[in-house]
Colleague: 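One structure, as structure tokens, below. Some questions next.
Every chain is numbered from 1 and lettered A, B, ... according to where its sequence line falls, protein lines coming before strand lines.
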Amino acid sequence: MTYNFKKIEEKWADKWYKDNIYRSEDFSQKPKKYILAEFPYPSGAALHVGHMMRYTVPDMYSRYLRMNGYNVLFPMGWDAFGLPAENYAIKTGIHPAETTKTAIADMKNSLIKMGYSFDWQRELSTIDPDYYKWTQWLFLKFYDQGLAERKEMPIWWCENLKTVLSDEEVLTDKDGNKISERGEHPVERKNLEQWVLKMPEYAEKLLEGLNEVDFPESIKQAQINWIGKSEGAEIDFKVADTQDKLTVFTTRLDTIYGATFLVISPEHPLLEKITTSEHLIEVNEYKNKAKQKSDMERTELMKEKTGVFTGSFAVNPYNGMKLPIWTGEFVVMSYGTGAIMGVPAHDARDYEFAQKYELKIEQAIESSEKEAVIIPYLEEGIVVNSEDFSGLRSDEARSKMLEKAQSEDFGRGKVNYRLRDWIFSRQRYWGEPIPLIYVEPDGHIEKETNLPLILPEVPDYKPTSDSVSPLAKNQEWVNTTSQNGRPAKRETNTMPNWAGSCWYFMRYVDPKNDEEFADPEKMRYWLPVDKYFGGAEHTTMHLLYSRFWYRFFYDLGLVPTKEPYSWRLNGGLLLGPGSKKMSKSIGNVIDPMLVADNYGADALRMFISFLGPYEDTYPWNENGIKSTWRLLKTIEDLKVRVSDDVDDKNVEKSYHRMVMNIGDMLENIKMNTAISEIMIFVNVLKKSGKINTEIWKGFIKVLAPFAPFMAEELWQEINEYEKWNPTNSVHLQSWPYYDEKIVIDETILIPIQINGKVRGEVQVSENDTEELVKEKVQQISRVEELLKGRNITKFLYIPRKIISIVAE
RNA sequence: GGGCGAGUGGCGGAAUGGUAUACGCGCGACACUUAAAAUGUCGUGUCCUACGGAUAUGAGGGUUCGACUCCCUCCUCGCCCACCA
């Protein structure tokens with residue numbers, strides 16, 4: 001018999017879609033579960049087989065929950081603004097509105113073909129004006145609260161993409177080069193005025209929020225590191241013989257008596273002022289050289305530290321010591337105050353610098369163990385050579401020293417974050433227009449009140465080199481009037497491609513609402529997201545950005561909870577043949593639709609989830625899919641053996657065990673072992689004769705989340721339904737029961753260990769006493785033989801597990 | 001340099017204190033076939049004197065009747081961050 005998956009898969013995909021059998025119901029009496037998988041961005045590239053793994057596992061889980069009586073929200077949509085789509089449009093010369101439309105239709109088709117149980121009534125697209133109306137509206141909330149601002153600052157510019165990028169969108173490649181996350185193009189620093197969202201103001205709340213969510217430790221740590229909280233103090237050093245002061249940030253205030261020099265960044269605003277005339281040439285030369293170097297060169301690993309003396313001195317406010325002020329490019333303006341105190345005795349980098357330029361090294365900390373220390377000594381310990389502070393532990397010294405700084409007004413406690421303002425404007429066409437206008441003549445900013453502010457259809461949407469948005473060319477659109485009828489110009493930058501995805505999970509709750517971004521009651525019912533599946537690459541981007549938005553909305557009373565996602569799992573990658581990342585240039589991209597054509601969507605679904613845990617990375621292997629294809633064919637062949645009057649205790653027991661185990665594994669998102677349980681049960685069926693109808697029906701229901709098409713076909717057949725009726729779909733049936741009593745044997749074979757080695761087995765019953773078991777064990781001839789002439793010092797019987805004998 | 005994670009057959013992996021290697025791939029033998037494919041059956045960590053035994057989860061040590069699992073030291077790999085003061 002051949003397994004004609006094509007016919008059945010097309011038939012059922014069509015029927016399920018038309019009747020939208022997976023719809024979720026607002027305010028249902030059933031308990032809710034919100035299962036979310038990151039939505040794709042429809043550019044020119046079709047979904048590849050890696051996407052399918054990321055959707056298949058959540059789909060199986062959603063199906064399982066639905067069969068267990070939950071009201072499941074499992075939605076899908078399109079993250080359609082942004083660079084990939086726009087670049088594809090530029091490449092093909094077709095307008096992005098057109099290319100995304102085609103791509104969406106294409107992707108949707110693929111997802112339906114794969115049998116994913118999305119509630120398509122809630123489909124949304126970030127480029128739909130009814131959607132981005134609210135993206136703009138929510139942005140204006142940030143503006144109202146002073147969290148969206150125009151700022152001039154050094155930021156990342158990508159010449160290839162012709163736009164600025166946020167810190168999160170810039171990655172470091174293997175050679176230490178800074179590259180764009182999209183397209184991996186080189187990026188450079190530029191001083192530009194841009195819209196930013198002041199995310200650092202939420203640093204503390206974003207950290208706290210991690211305590212109440214169930215994320216893997218690796219994700220929490222990655223976000224914690226990215227936020228980069230560091231507690232310390234800012235100390236003002238007077239520049240000797242002037243009114244100027246230099247402020248340094250330090251986390252080791254306890255070492256300040258060991259400071260022997262100061263280093264400021266070459267970009268420091270005071271550098272020019274404090275440089276003395278005899279050092280001016282040297283400093284300027286150094287400064288210019290630093291300027292020309294790319295960021296990569298400046299931050300190259302293990303690079304030797306360089307610097308030049310400015311000729312000025314700073315006064316240590318604690319002991320009045322005069323410290324030479326240097327400038328050095330290893331001090332960056334973008335962190336702390338752009339100035340550091342050099343404590344060579346207790347900092348490895350300062351030590352290296354002091355060695356090189358023969359600066360003084362003075363010890364201020366000694367080991368609390370009273371042992372000799374090797375300089376540089378980086379640990380905390382006991383403060384020495386520090387006047388009144390000597391003898392204190394490092395932590396005590398820090399608080400006492402800080403008290404002094406505060407009371408004498410030369411310093412203050414300070415918490416620094418690595419997290420930067422989120423650069424929120426892009427010089428690109430394909431994004432949400434920022435709904436703000438500059439009113440003439442003074443250019444003051446007003447909000448656009450008439451939302452959505454539609455992205456105009458322009459013929460020339462190509463990016464320009466002069467860091468101006470292509471929208472600026474469209475004078476008709478740019479020129480507008482203020483609320484008072486005064487002439488005004490629109491902001492022409494657009495939002496970054498992350499904007500739409502910051503709140504899409506809120507919109508799924510109420511996707512058609514045109515009064516509000518979502519009904520608060522519906523949000524209270526559905527939110528937070530119970531399980532969020534996505535990609536590791538979004539840990540410090542989308543996942544952090546959307547937590548930030550949501551937390552801000554919580555503070556405004558717009559959303560019901562502090563955190564948007566209660567649980568998160570990052571999916572791994574599916575590598576192409578040859579264990580390389582699938583890419584068009586290598587030519588190892590596996591097209592899932594082609595695979596589905598050859599083996600069926602069911603076989604593909606089962607294979608990619610059988611590979612191993614969701615979060616791991618695997619190479620594609622063509623032979624693997626043949627195995628799940630074979631499995632499905634075997635299952636289909638078994639149906640002729642189904643009969644009403646069969647009673648096979650062995651099969652029954654395997655069946656109950658399978659139902660129990662698979663339920664357990666699905667709850668723990670372990671699809672790979674769940675599928676192996678199916679294989680084990682099918683192997684049992686293969687070896688037995690006729691199959692009891694009720695067991696067969698139960699098995700089909702268990703199969704349903706994994707191979708939804710075949711399960712539906714078999715279900716309709718065994719129940720002899722002549723006409724399709726959605727309520728009869730196997731996917732709307734309830735998960736089968738299992739009887740634990742049948743699973744657990746009354747008598748079981750348990751191993752016997754002698755001195756830690758397994759030497760035999762014994763049949764014991766549930767109610768056997770330890771005495772009886774001991775007797776039984778000693779009657780086994782092999783055991784008897786091994787124990788002959790030896791003294792049993794210990795006899796251990798762990799019911800259901802093992803017997804352990806220790807003999808001398 | 002810091003953080004997180006991982007190291008188990010030829011390969012993907014299973015087992016979170018109780019018979020290590022489930023399940024699958026691959027490989028081998030046999031059956032069916034003119035033959036091949038497909039399918040089926042059996043076998044498949046390594047070593048040995050082989051119906052038995054020894055040995056094995058990156059290396060070494062510890063805790064335990066018993067350790068892939070817990071603890072300590074080290075090695076290797078992956079991911080994230082990084083002249084961050």
Colleague: How would you label the contact of Ile680(A) with the nucleic acid (heavy atoms, under 4.0 Å): base, sugar-phosphate, or nothing?
Modeller: sugar-phosphate
Colleague: Side-chain N or O of Lys757(A) versus OP1/OP2 of rU55(B): is the shortest distance under 4.0 Å?
Modeller: yes
Colleague: Once you apply a heavy-atom cut-off of 4.0 Å, does Pro216(A) come out as touching a base, just sugar-phosphate, or nothing?
Modeller: nothing
Colleague: Would you say the rings of Phe261(A) and Phe353(A) are close, in the sense that their centroids are separated by under 6.0 Å?
Modeller: yes
Colleague: Applying a 4.0 Å non-hydrogen cut-off, can you work out what Gln753(A) is touching in the nucleic acid: base, sugar-phosphate, or nothing?
Modeller: base
Colleague: Could you check whether any side-chain heavy atom of Val57(A) comes within less than 4.5 Å of a side-chain heavy atom of Ser609(A), counting everything from C-beta outward?
Modeller: yes
Colleague: With the threshold set at 4.0 Å, does a side-chain nitrogen-carboxylate oxygen contact exist between Asp350(A) and Arg252(A)?
Modeller: no
Colleague: Identify which nucleotide among rG12(B), rA14(B), rC84(B) has an atom closest to any side-chain atom of Leu611(A), counting heavy atoms from C-beta outward.
Modeller: rG12(B)
Colleague: Check Thr337(A) against Thr247(A) and note the closest heavy-atom contact, atom names and distance.
Modeller: OG1-O, 2.6 Å
Colleague: Rounded off to whole Å, could you give me the CG-to-C1' distance for the Leu544(A) and rC80(B) pair?
Modeller: 14 Å
Colleague: Across the strands shown, which category fits Arg630(A) at heavy-atom distances under 4.0 angstrom: base, sugar-phosphate, nothing?
Modeller: sugar-phosphate
Colleague: Does a side-chain heavy-atom distance below 4.5 Å link Val682(A) with Leu638(A)?
Modeller: yes
Colleague: Please pick, from rG53(B), rC65(B), rA85(B), the nucleotide with the shortest atom-to-atom distance to any side-chain atom of Arg759(A).
Modeller: rG53(B)
Colleague: Can you tell me how far P of rC84(B) sits from CD of Glu329(A), to the nearest Å?
Modeller: 14 Å
Colleague: Ser804(A) side chain: which of rG18(B), rC83(B), rC23(B) is closest?
Modeller: rG18(B)
Colleague: Give Lys686(A) one of three labels, base, sugar-phosphate or nothing, depending on what nucleic acid heavy atoms sit under 4.0 Å from its own.
Modeller: sugar-phosphate
Colleague: Taking the minimum atom-to-atom distance to the side chain of Lys801(A), which one of rA54(B), rG18(B), rG24(B) wins?
Modeller: rG18(B)
Colleague: Taking the basic N atoms (NZ, or NE/NH1/NH2) and the acidic carboxylate oxygens, is any pair closer than 4.0 Å for Lys229(A) and Glu204(A)?
Modeller: yes
Colleague: Between rU57(B) and rC70(B), how far is it from one C1' atom to the other, in whole Å?
Modeller: 16 Å
Colleague: Touch check for Ser218(A), heavy atoms < 4.0 angstrom, all strands: base, sugar-phosphate only, or nothing?
Modeller: sugar-phosphate
Colleague: Let's see if you can work this out: which of rA82(B), rU41(B), rG5(B) has an atom nearest to the side-chain heavy atoms of Glu217(A)?
Modeller: rG5(B)
Colleague: Mind telling me whether Tyr318(A) and Phe410(A) have parallel, tilted or perpendicular rings, with 30° and 60° as the class edges?
Modeller: perpendicular
Colleague: Mind checking the C1' distance from rC83(B) to rC79(B)? Whole angstroms is fine.
Modeller: 22 Å
Colleague: Please measure how far the P atom in rA15(B) lies from the corresponding atom in rG26(B), and state the result in whole Å.
Modeller: 23 Å
Colleague: Mind calculating the distance between CZ (Phe681(A)) and C1' (rA22(B)) to the nearest angstrom?
Modeller: 17 Å
Colleague: Applying side-chain contact (heavy atoms from CB on, under 4.5 Å), run through Gln778(A) and Lys776(A) and close with a yes or a no.
Modeller: CA-CA 6 Å; Gln778(A) 283 171 329; Lys776(A) 277 185 182 177; over 6 Å; no
Colleague: Can you figure out which of rA85(B), rG66(B), rA14(B) approaches the side chain of Asn672(A) most closely?
Modeller: rA14(B)
Colleague: Between Arg605(A) and Phe706(A), what is the shortest heavy-atom contact and its length?
Modeller: NE-O, 3.1 Å
Colleague: Could you measure between the two C1' atoms, the one in rC77(B) and the one in rC84(B), and give it in whole Å?
Modeller: 27 Å
Colleague: Take the protein atom CD1 of Ile805(A) and the nucleotide atom P of rU19(B), then report the distance between them rounded to whole Å.
Modeller: 16 Å
Colleague: Could you tell me whether Phe610(A) contacts a base, only the sugar-phosphate backbone, or nothing, with contacts defined as non-hydrogen atoms closer than 4.0 Å?
Modeller: base
Colleague: In whole angstroms, how far is the C1' atom of rA82(B) from the CZ atom of Arg420(A)?
Modeller: 12 Å
Colleague: For Watson-Crick and G-U wobble pairs within 3.5 Å on both distances, what is RNA chain B written in dot-bracket notation, | included for inter-strand pairing?
Modeller: (((((((..(((.....[....)))((((((.......))))))((((...))))..(((((..]....))))))))))))....
Colleague: For rC65(B), take OP1 and OP2 only and decide whether either is under 4.0 Å from a side-chain N or O of Lys794(A).
Modeller: yes
Colleague: Could you check how far CG of Asp616(A) sits from P of rC77(B), rounded to whole Å?
Modeller: 19 Å
Colleague: For rA22(B), does OP1 or OP2 lie under 4.0 Å from any side-chain N or O of Asn683(A)?
Modeller: no
Colleague: Please tell me whether Tyr545(A) and Trp422(A) form a close aromatic pair, meaning their ring centres lie under 6.0 Å apart.
Modeller: yes
Colleague: Asp664(A) has an atom CG; how far is it from atom P of rA15(B), in whole Å?
Modeller: 11 Å
Colleague: Between rG9(B) and rG60(B), how many Å separate the two P atoms, rounded to a whole number?
Modeller: 15 Å
Colleague: Which of residues 336-350 of chain A have a heavy atom under 4.0 Å from RNA chain B?
Modeller: Ile340(A), Arg349(A)
Colleague: Determine the interplanar angle of the Tyr377(A) and His346(A) rings, folded into 0 to 90°, and report it as parallel if under 30°, tilted if 30 to 60°, perpendicular if over 60°.
Modeller: perpendicular
Colleague: Look at the side chain of Trp226(A) and decide which nucleotide, out of rG24(B), rU39(B), rC81(B), has an atom nearest to it.
Modeller: rC81(B)
Colleague: Quantified in whole Å, what is the P atom distance between nucleotide rU69(B) and nucleotide rU19(B)?
Modeller: 14 Å
Colleague: Regarding Lys220(A), tell me which of base, sugar-phosphate or nothing describes its non-hydrogen contacts under 4.0 Å with the strands shown.
Modeller: nothing
Colleague: Would you measure the distance from the C1' atom in rA50(B) across to the matching atom in rA54(B) and give it in whole Å?
Modeller: 11 Å
Colleague: Side chain of Met679(A): nearest nucleotide among rG24(B), rC84(B), rU19(B)?
Modeller: rG24(B)
Colleague: For residues Arg349(A) and Lys305(A), report the shortest heavy-atom separation together with the two atoms involved.
Modeller: CG-CE, 2.9 Å
Colleague: When the distance from CG of Leu796(A) to P of rC65(B) is rounded to whole Å, what number comes out?
Modeller: 9 Å
Colleague: Side chain of Val332(A) only, heavy atoms from C-beta on: which candidate in rG26(B), rA85(B), rG13(B) is closest?
Modeller: rA85(B)
Colleague: Is the closest basic N to carboxylate O distance between Glu615(A) and Arg568(A) below 4.0 Å?
Modeller: no
Colleague: How do Leu171(A) and Ser334(A) order along RNA chain B: which one's closest nucleotide is nearer the 5' end?
Modeller: Leu171(A)
Colleague: At less than 4.0 Å, is any side-chain N or O atom of Tyr618(A) found next to OP1 or OP2 of rG12(B)? Yes or no.
Modeller: no
Colleague: Let me spell it out: for each of Trp629(A) and Val806(A), pick the nucleotide of RNA chain B with the closest heavy atom. Which residue's pick is nearer the 5' end?
Modeller: Trp629(A)
Colleague: Between rC74(B) and rC23(B), how many Å separate the two P atoms, rounded to a whole number?
Modeller: 39 Å
Colleague: Is there a side-chain contact (heavy atoms from CB on, under 4.5 Å) between Met341(A) and Ile256(A) once you walk through the steps?
Modeller: CA-CA 8 Å; Met341(A) 62 180 199; Ile256(A) 198 161; 3.5 Å; yes
Colleague: Describe the nucleic acid contact of Glu677(A) in one word from base, sugar-phosphate, nothing, applying a heavy-atom distance below 4.0 Å.
Modeller: nothing
Colleague: Just compare rG3(B), rA15(B), rA85(B) and give me whichever is closest to any side-chain atom of Asn225(A).
Modeller: rG3(B)
